[in-house]
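Worksheet for the structure shown next.
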Amino acid sequence: MLNNWDSAVAETSTGKPYDDKPIDIGRFLRKFDKDIDDNELIWHRDKRSRVITVMSGEDWKLQFDDLLPVTLEKNKQYKIPKETYHRILKGKGNLILEIREEE
């Protein structure tokens with residue numbers, strides 16, 4: 001599934017600091033490039049709750065407002081409640097997440 005990433009990204013590039021590849025309704029892959037500028041990884045909140053699963057990436061972190069960052073571990077799931085401020089902190093290699101949005 002991840003082997004064809006580059007060809008799909010060219011078609012779905014959005015000008016955001018990541019690229020998305022749809023899987024099905026409410027589920028997609030998101031790629032943060034290893035060369036991303038740290039300043040592009042901003043605090044934000046999402047309109048829907050999400051469950052993210054780390055597919056690849058090393059030493060990337062997830063930080064919620066007023067909490068210390070946690071290192072994202074491959075194959076582990078993390079819940080991000082809707083309207084909760086959070087950000088990603090850069091690690092090594094490309095970060096690829098599977099994201100499932102909840103209603």
Side-chain angles (χ1 to χ4, degrees):
M1 175 172 17
L2 299 178
N3 294 340
N4 295 328
W5 182 267
D6 291 330
S7 62
V9 168
E11 298 171 12
T12 60
S13 183
T14 62
K16 296 188 177 190
Y18 52 80
D19 290 301
D20 287 341
K21 179 180 177 183
I23 298 173
D24 56 35
I25 296 173
R27 225 172 104 224
F28 54 94
L29 292 176
R30 176 163 290 171
K31 176 185 175 187
F32 293 88
D33 191 87
K34 64 181 170 45
D35 296 323
I36 191 169
D37 187 318
D38 290 332
N39 294 328
E40 293 186 74
L41 300 172
I42 61 171
W43 288 98
H44 68 283
R45 49 189 181 165
D46 302 312
K47 293 182 181 185
R48 294 185 178 170
S49 293
R50 294 178 168 179
V51 175
I52 64 170
T53 304
V54 180
M55 307 302 287
S56 70
E58 185 180 333
D59 295 329
W60 289 76
K61 294 178 175 35
L62 173 64
Q63 183 176 17
F64 290 99
D65 194 24
D66 291 328
L67 295 174
L68 293 172
V70 295
T71 300
L72 294 171
E73 298 177 37
K74 188 174 179 182
N75 298 319
K76 188 171 178 182
Q77 291 188 337
Y78 301 85
K79 174 132 179 155
I80 302 174
K82 70 178 181 178
E83 300 298 333
T84 301
Y85 277 104
H86 64 283
R87 68 177 173 168
I88 297 288
L89 299 169
K90 186 176 173 181
K92 301 173 193 161
N94 296 330
L95 175 65
I96 299 178
L97 305 172
E98 180 181 312
I99 299 175
R100 181 174 43 90
E101 290 187 328
E102 299 180 335
E103 292 297 321

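Throughout, numbering of the chain's residues begins at 1 and tracks the sequence.
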**Item:** side-chain hydrogen bond (donor to acceptor under 3.5 Å, both in side chains) against D46, all qualifying residues, sequence neighbours excluded
**Value:**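 Only H86 meet the side-chain hydrogen bond (donor to acceptor under 3.5 Å, both in side chains) criterion with D46.
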Taking side chain as C-beta onward, heavy atoms only, is [X] less than 4.5 Å from [Y]?
X: D65; Y: T84; answer: no
X: I99; Y: D20; answer: no
X: I36; Y: L95; answer: no
X: E101; Y: F28; answer: yes
X: Y78; Y: V54; answer: yes

**Reported CZ-to-NZ distance for the pair F32 and K90, which is rounded to 0.5 angstrom** =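 If we round to the nearest 0.5 Å, F32:CZ and K90:NZ are 12.5 Å apart.
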**Prompt:** Pick from R48, K79, R50: which one makes a salt bridge (Lys or Arg N to Asp or Glu O under 4.0 Å) with E102?
**Reply:**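 Going through the options one by one, the only one that passes is K79.
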**Message:** Using a 4.5 Å cut-off between side-chain heavy atoms of Ile, Leu, Val, Met, Phe, Trp and Tyr, which other residues end up in the same hydrophobic cluster as W43?
**Reply:**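 Hydrophobic cluster check, W43: joined to Y85.
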**Request:** Please report the shortest heavy-atom distance between L41 and L89, naming the atom on each side.
**Result:**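 Scanning both residues, the minimum pair turns out to be CD1-C, 4.4 Å.
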**Message:** Check this for me, if you would: do E98 and R100 make a salt bridge, where the nitrogen-to-carboxylate-oxygen distance has to be below 4.0 angstrom?
**Reply:**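 No, this pair does not count.
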**Prompt:** Any donor and acceptor pair, going by atom type alone, linking the side chain of N94 with main-chain N or O of K34 inside 3.5 Å?
**Reply:**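 Pair found, side chain donor or acceptor close to backbone of K34.
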**Message:** Within the supplied structure, the quantity of interest is the number of heavy atoms (other residues, nucleotides, ligands) at a distance under 6.0 Å from I25 CD1; does it exceed 12?
**Reply:**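 Counting neighbours around CD1 of I25, 12 or fewer heavy atoms of other residues, nucleotides or ligands fall under 6.0 Å, so no.
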